[in-house]
Asker: 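Handing you this structure, nothing more for now.
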Amino acid sequence: MKNQEIARILYEIAEYLEMEGVAFKPRAYNKAGLGLETFNRDVEDLYKEEGFKGLKKIPGVGESIAQKIEEYLKTGKIKYYEDFKKKIPSSVEALTAVEGVGPRKVKIIYEELGIKNLDELEKAAEEGKIRKLPGFGEKTEKNILEGIAFLKREKGRFLLGEILPTAREVFAKLEKLKEVEKLSMGGSVRRMKDTIGDLDFLAISENPEKVMDLFVSMPGVVRVWGKGATRASVHMSQGFDMDIRVIPRKSYGSALQYFTGSREHNIHLRKIAIEKGLKLNEYGVFKGQEMVAGEDEEEVYKVLGMNWMAPELRENTGEIEAAIREAQGKPDGLPKLIDYKDIKGDLHYHSRWQESDGTPIEEAALAAMDFGYEYIGISEHTKALKIEHGLDEKQLLHHISEIEKINSRLSQGSGKQSKFRILSGCEANIMQDGSIDIDDKVLAGLDYVIAGVHSKFKMPVEKMTGRIIKAMENPHVDIISHPTGRLIMKREEYQIDVEKILEAARGTKTALEINSYPERLDMKDVYIKRAREEGVKMIINTDSHIPSQLHYIEYGISQARRGWAEKEDIINCWPVEKLLKFFNE
DNA sequence: GCCGTTTTCGGCCCGACTGTTTTCAGTCG
């Protein structure tokens with residue numbers, strides 16, 4: 001996929017244009033970059049199939065940018081961009097990553113001092129050369145040094161699963177302050193994005209200064225980035241930043257809306273406000289001087305002519321249009337999102353990750369019951385994954401009979417226990433040629449089969465796509481685990497043709513997994529949305545190895561919601577009989 | 001440079017904070 005690659009160049013062109021002080025074009029390039037990055041088709045395929053005209057289908061891409069994309073696809077270069085690089089050969093992206101340094105400052109430090117990268121910038125700042133530049137001073141220099149130190153220390157973003165528990169702890173602490181009347185979390189955490197940059201808190205308080213004081217002196221705060229009358233920003237020892245804003249009650253809803261974002265969602269909303277002769281900002285919706293909404297988030301959306309929508313949807317990928325249609329009573333409104341309580345069981349659980357003496361399957365079943373589930377599926381690794389104690393055919397037959405025994409024991413128990421069901425499964429390996437490492441006869445004896453790629457991740461796109469499709473065509477395979485293989489911030493996705501995979505999944509009635517493991521969250525939201533549009537069924541699993549990981553399901557559900565998934569799209573929202581019927585078809 | 005149930009031309013989201021100025025530019029979210 002070259003989408004990301006070209007998008008990055010477009011973003012950099014935007015920065016160069018900003019350096020030059022060009023108006024409006026930077027926004028156009030940023031928009032086109034985002035359009036390309038979030039476009040659900042491979043730009044190379046698009047160009048091959050539909051030519052130059054196809055490129056203009058990408059949101060934000062018109063005549064001129066389409067030409068530049070075409071140039072890149074043909075030659076691997078864009079002259080317009082190369083010319084900028086010749087003029088100012090700075091690592092723009094690296095330099096603007098420093099807090100307080102933007103394109104204009106990058107231009108000045110290059111032209112005055114010839115600085116092109118972070119190391120040179122750091123050296124110049126240490127030598128006291130930065131403070132002498134026009135528009136710079138001692139403080140800016142100091143901030144640059146601290147900003148660079150920060151970048152070196154942290155990579156910048158955190159996994160949702162890493163940060164959400166901490167965010168909730170901080171929330172609980174802040175909420176206890178007697179000066180805080182009301183508190184909410186905004187930002188990407190409220191939208192449950194797969195990675196989080198920082199935490200945003202919003203509060204109502206009669207005594208904002210006091211809240212600011214308390215916020216910057218909270219335990220865990222190692223640095224105060226800034227502190228004003230209504231806003232403060234701090235760095236935490238765990239490595240992330242937190243912001244807080246104190247907001248008047250009458251503006252709480254609009255502030256919550258504004259600080260939840262996304263940025264693109266907000267920009268779209270403001271345009272709609274303007275079209276209606278209104279002005280939208282974090283303090284409310286205004287008609288002239290008169291405030292027409294603000295205290296309540298739902299009201300804010302309502303006066304803009306649309307229904308309220310879940311934060312997970314707010315990425316400006318069609319949710320605003322859907323909310324408007326819904327408010328007008330038209331069909332094709334907002335999706336009725338799967339709820340965090342809709343999952344009835346988890347089918348990706350490894351009980352034998354350590355060869356322990358206990359009864360790990362029963363332990364898993366009891367934990368799942370406590371979790372409110374009606375069933376759990378035990379899906380051990382299979383023999384090709386020796387390092388994970390993968391089971392061979394003989395051991396799998398034993399696995400099946402063991403589960404039968406536990407099931408019959410449970411069925412004689414009382415109430416909840418008697419209705420609970422353990423399903424026998426496995427997570428088999430999709431070998432290089434697309435075959436499965438377990439004999440079909442044994443696969444047939446299991447309640448369900450998950451198949452996944454666990455080796456040879458770096459195959460060319462046609463081969464990897466064919467490999468997975470062949471696995472789906474095996475009549476015993478019911479689910480493909482972590483379909484793209486990404487490890488967030490660690491490993492790229494495998495090269496696959498997502499459209500072809502979706503087509504095959506629908507044709508073979510194979511469910512695609514939404515793996516809830518915090519560093520996987522695989523499939524990601526845009527693929528979930530595509531899968532749903534194509535009528536492909538999905539399943540949200542945790543890939544747990546111990547009972548305490550069952551709660552990861554929340555992260556998988558959040559990604560499903562971000563992908564517009566409804567209850568019917570997700571097969572483990574179904575009762576066990578319907579689920580087994582699906583597997584048997 | 002893009003885009004259009006008011007437009008193929010004339011618009012393009014908005015406010016807080018910082019650091020540098022002496023009324024504001026740059027950056028951020």
Side-chain angles (χ1 to χ4, degrees), chain A residues 10 13-36 55-69 80 95-109 130-144 146-147 186-188 197-202 208 212 224-233 241-247 251 254-255 257-286 304-305 316 321 324 328:
Chain A
L10 296 179
I13 292 175
E15 303 242 41
Y16 276 118
L17 289 164
E18 260 177 53
M19 280 184 208
E20 303 288 332
V22 179
F24 304 115
K25 284 194 195 183
R27 192 177 304 156
Y29 275 91
N30 271 324
K31 233 176 138 181
L34 188 77
L36 186 58
L55 296 179
K56 293 214 267 184
K57 284 187 183 166
I58 302 164
V61 173
E63 188 72 19
S64 173
I65 294 181
Q67 273 173 19
K68 292 182 176 77
I69 296 175
Y80 187 62
L95 291 172
T96 53
V98 179
E99 188 85 5
V101 177
R104 305 303 283 260
K105 285 199 163 79
V106 170
K107 185 173 192 238
I108 294 169
I109 60 173
I130 298 295
R131 69 180 71 182
K132 291 175 193 152
L133 298 173
F136 290 64
E138 265 184 62
K139 277 219 161 175
T140 310
E141 187 175 81
K142 186 164 162 270
N143 286 341
I144 285 175
E146 283 175 358
S188 47
D198 57 15
L199 297 181
D200 289 297
F201 294 95
L202 282 187
M212 293 297 123
V224 180
W225 294 120
K227 180 174 164 241
T230 61
R231 178 177 168 179
S233 178
D241 286 349
M242 305 197 308
D243 293 345
I244 191 167
R245 276 99 170 168
V246 172
I247 300 292
S251 300
S254 47
Q257 189 289 311
Y258 174 80
F259 290 115
T260 297
S262 67
R263 190 184 149 80
E264 289 70 29
H265 176 90
N266 287 354
I267 288 172
H268 193 165
L269 279 192
R270 287 194 182 179
K271 281 188 187 159
I272 288 174
I274 291 167
E275 282 163 20
K276 291 183 177 295
L278 302 169
K279 187 175 79 164
L280 169 67
N281 59 29
E282 58 263 52
Y283 296 111
V285 185
F286 299 89
L304 296 174
N316 195 32
E321 293 81 353
I324 292 171
Q328 293 171 345

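Numbers restart at 1 for each chain; the letters A, B, ... are given by sequence-line order, proteins then strands.
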Asker: Show, in sequence, the C-alpha distance, side-chain angles and deciding distance for A:Tyr29 and A:Leu17, and conclude whether the side chain to side chain contact (heavy atoms under 4.5 Å, CB included) test is met.
Answerer: CA-CA 9 Å; A:Tyr29 275 91; A:Leu17 289 164; 3.4 Å; yes
Asker: What interatomic distance, in whole Å, is found between C1' of B:dT23 and the corresponding atom of B:dG19?
Answerer: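 Result for the C1' pair: 14 Å, nearest Å.
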Asker: Could you check how far CE of A:Met242 sits from P of B:dG29, rounded to whole Å?
Answerer: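 Rounded to the whole Å, the gap is 15 Å.
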Asker: Just the rounded figure in Å: distance from P of B:dT18 to CG of A:Asp243.
Answerer: 12 Å
Asker: Which listed nucleotide (B:dC13, B:dA16, B:dG1) is nearest to the side chain of A:Arg270?
Answerer: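 Given the options B:dC13, B:dA16, B:dG1, the side chain of A:Arg270 is closest to B:dC13.
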Asker: Just to confirm, is there a sub-4.0 Å distance from OP1 or OP2 of B:dG29 to any side-chain nitrogen or oxygen of A:Ser188?
Answerer: no
Asker: Side-chain N or O of A:Asn143 versus OP1/OP2 of B:dG19: is the shortest distance under 4.0 Å?
Answerer: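 Affirmative; the distance criterion is met.
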Asker: Starting from C1' on B:dG29, measure out to CG on A:Asp198 and report it in whole angstrom.
Answerer: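 Distance, rounded to whole Å: 9 Å.
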Asker: Do the side-chain N or O atoms of A:Thr140 get closer than 4.0 angstrom to the phosphate oxygens (OP1, OP2) of B:dT18?
Answerer: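 Answer no for this pair, as no side-chain N or O of A:Thr140 is under 4.0 Å from OP1 or OP2.
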Asker: Suppose you measure atom P in B:dC13 against the same atom in B:dC2; what distance do you get, rounded to whole Å?
Answerer: 16 Å
Asker: Between A:Lys139 and B:dG19, does any side-chain N or O lie under 4.0 Å from OP1 or OP2?
Answerer: yes
Asker: Mind calculating the distance between CG (A:Leu34) and P (B:dC12) to the nearest angstrom?
Answerer: 21 Å
Asker: Select base, sugar-phosphate, or nothing to describe what A:Ser233 touches, counting heavy atoms under 4.0 Å on all strands.
Answerer: nothing
Asker: Any side-chain N or O of A:Asn266 below 4.0 angstrom from OP1/OP2 of B:dC13?
Answerer: no
Asker: Nearest heavy atom decides the nucleotide; on that basis, is A:Arg231 or A:Ala66 closer to the 5' end of DNA chain B?
Answerer: A:Ala66
Asker: Do you see a donor-acceptor pair shorter than 3.5 Å between the side chains of A:Glu282 and A:Ser251?
Answerer: no
Asker: Ring-on-base stacking between A:Phe24 and B:dC12, under 5.5 Å between centres and under 30° between planes: is it there?
Answerer: yes
Asker: Using the P atom as the point on both nucleotides, what is the distance between B:dC9 and B:dC14, in whole Å?
Answerer: 25 Å
Asker: Do A:Asn316 and A:His268 meet the criterion of a side-chain donor-acceptor pair at a distance under 3.5 Å?
Answerer: yes
Asker: With respect to the side chain of A:Ile274, which nucleotide from B:dG26, B:dC14, B:dC2 is positioned closest?
Answerer: B:dC14
Asker: Rounded to the nearest Å, what distance is computed from the CD1 atom of residue A:Ile272 to the P atom of nucleotide B:dT5?
Answerer: 12 Å
Asker: When the P atoms of B:dG15 and B:dT22 are compared, how many Å lie between them, rounded to an integer?
Answerer: 26 Å
Asker: Kindly say if A:Tyr283 contacts the phosphate of B:dA16, meaning a side-chain N or O under 4.0 Å from OP1 or OP2.
Answerer: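 So the side-chain polar atoms of A:Tyr283 do come within 4.0 Å of the phosphate oxygens OP1 or OP2 of B:dA16, strictly under.
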Asker: Is the backbone of A:Leu280 close enough, under 3.5 Å, to the side chain of A:Arg270 for a donor and an acceptor to pair up by distance?
Answerer: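 Yes, the answer is positive, given that a donor and an acceptor are paired below the 3.5 Å cut-off.
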Asker: Respond yes when some side-chain nitrogen or oxygen of A:Lys271 is under 4.0 Å from OP1 or OP2 of B:dC13, and no when none is.
Answerer: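 Yes, A:Lys271 has a side-chain N/O under 4.0 Å of OP1/OP2 on B:dC13.
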Asker: Taking NZ, NE, NH1 and NH2 as the nitrogens, is one of them in A:Lys56 or A:Glu63 under 4.0 Å from a carboxylate oxygen of the other?
Answerer: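 Answer for the salt bridge query: yes.
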Asker: OP1, OP2 of B:dG1 versus side-chain N and O of A:Lys68: anything below 4.0 Å?
Answerer: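 Yes, A:Lys68 has a side-chain N/O under 4.0 Å of OP1/OP2 on B:dG1.
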Asker: Once you round it to whole Å, what is the distance between C1' of B:dC14 and CZ of A:Phe286?
Answerer: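 One finds 12 Å between C1' of B:dC14 and CZ of A:Phe286, rounded.
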Asker: Where the side chain of A:Arg104 is defined as all heavy atoms beyond and including C-beta, which of B:dG15, B:dG26, B:dG1 is the nearest nucleotide?
Answerer: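 Among B:dG15, B:dG26, B:dG1, the one nearest the side chain of A:Arg104 is B:dG26.
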Asker: Check whether any side-chain N or O of A:Lys105 sits under 4.0 Å from OP1 or OP2 of B:dA25, and answer yes or no.
Answerer: no
Asker: Flag the pair A:Asn281 / A:Phe286 as yes when at least one side-chain heavy-atom distance between them is below 4.5 Å, and no otherwise.
Answerer: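 A side-chain contact exists here, since the closest heavy-atom pair is under 4.5 Å.
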Asker: I want to verify a distance call: between B:dG15, B:dC28, B:dC2, whose nearest atom is closest to the A:Glu99 side chain?
Answerer: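 For A:Glu99, the side-chain atoms sit closest to B:dC28.
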Asker: B:dG11 and B:dA16: how far apart are their C1' atoms, nearest whole angstrom?
Answerer: 26 Å
Asker: Applying the Watson-Crick and G-U wobble criteria at under 3.5 Å, what pairs with B:dT8? Answer none if nothing qualifies.
Answerer: none
Asker: Is the distance from OP1 or OP2 of B:dC12 to the nearest side-chain N or O of A:Arg27 less than 4.0 Å?
Answerer: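 So the side chain of A:Arg27 is outside the cut-off, no N or O lying under 4.0 Å from OP1 or OP2 of B:dC12.
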Asker: For the side chain of A:Asp241 and the backbone of A:Asp198, is there at least one donor-acceptor N/O pair under 3.5 Å apart?
Answerer: no
Asker: May I have the distance from A:Gln257 (atom CD) to B:dC13 (atom P), rounded to whole angstrom?
Answerer: 15 Å
Asker: Write down the distance between CG (A:Asn30) and C1' (B:dC3), rounded to a whole number of angstrom.
Answerer: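 Answer to the nearest Å: 17 Å.
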Asker: Want to settle it: does A:Val98 or A:Ile65 sit nearer the 5' end of DNA chain B, counting the closest nucleotide to each?
Answerer: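 Its nucleotide being nearer the 5' end, the pick is A:Ile65.
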Asker: Between B:dT8 and B:dC3, how far is it from one C1' atom to the other, in whole Å?
Answerer: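 It comes out at 9 Å once rounded to the nearest Å.
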Asker: Between B:dG26 and B:dT20, how far is it from one C1' atom to the other, in whole Å?
Answerer: 10 Å
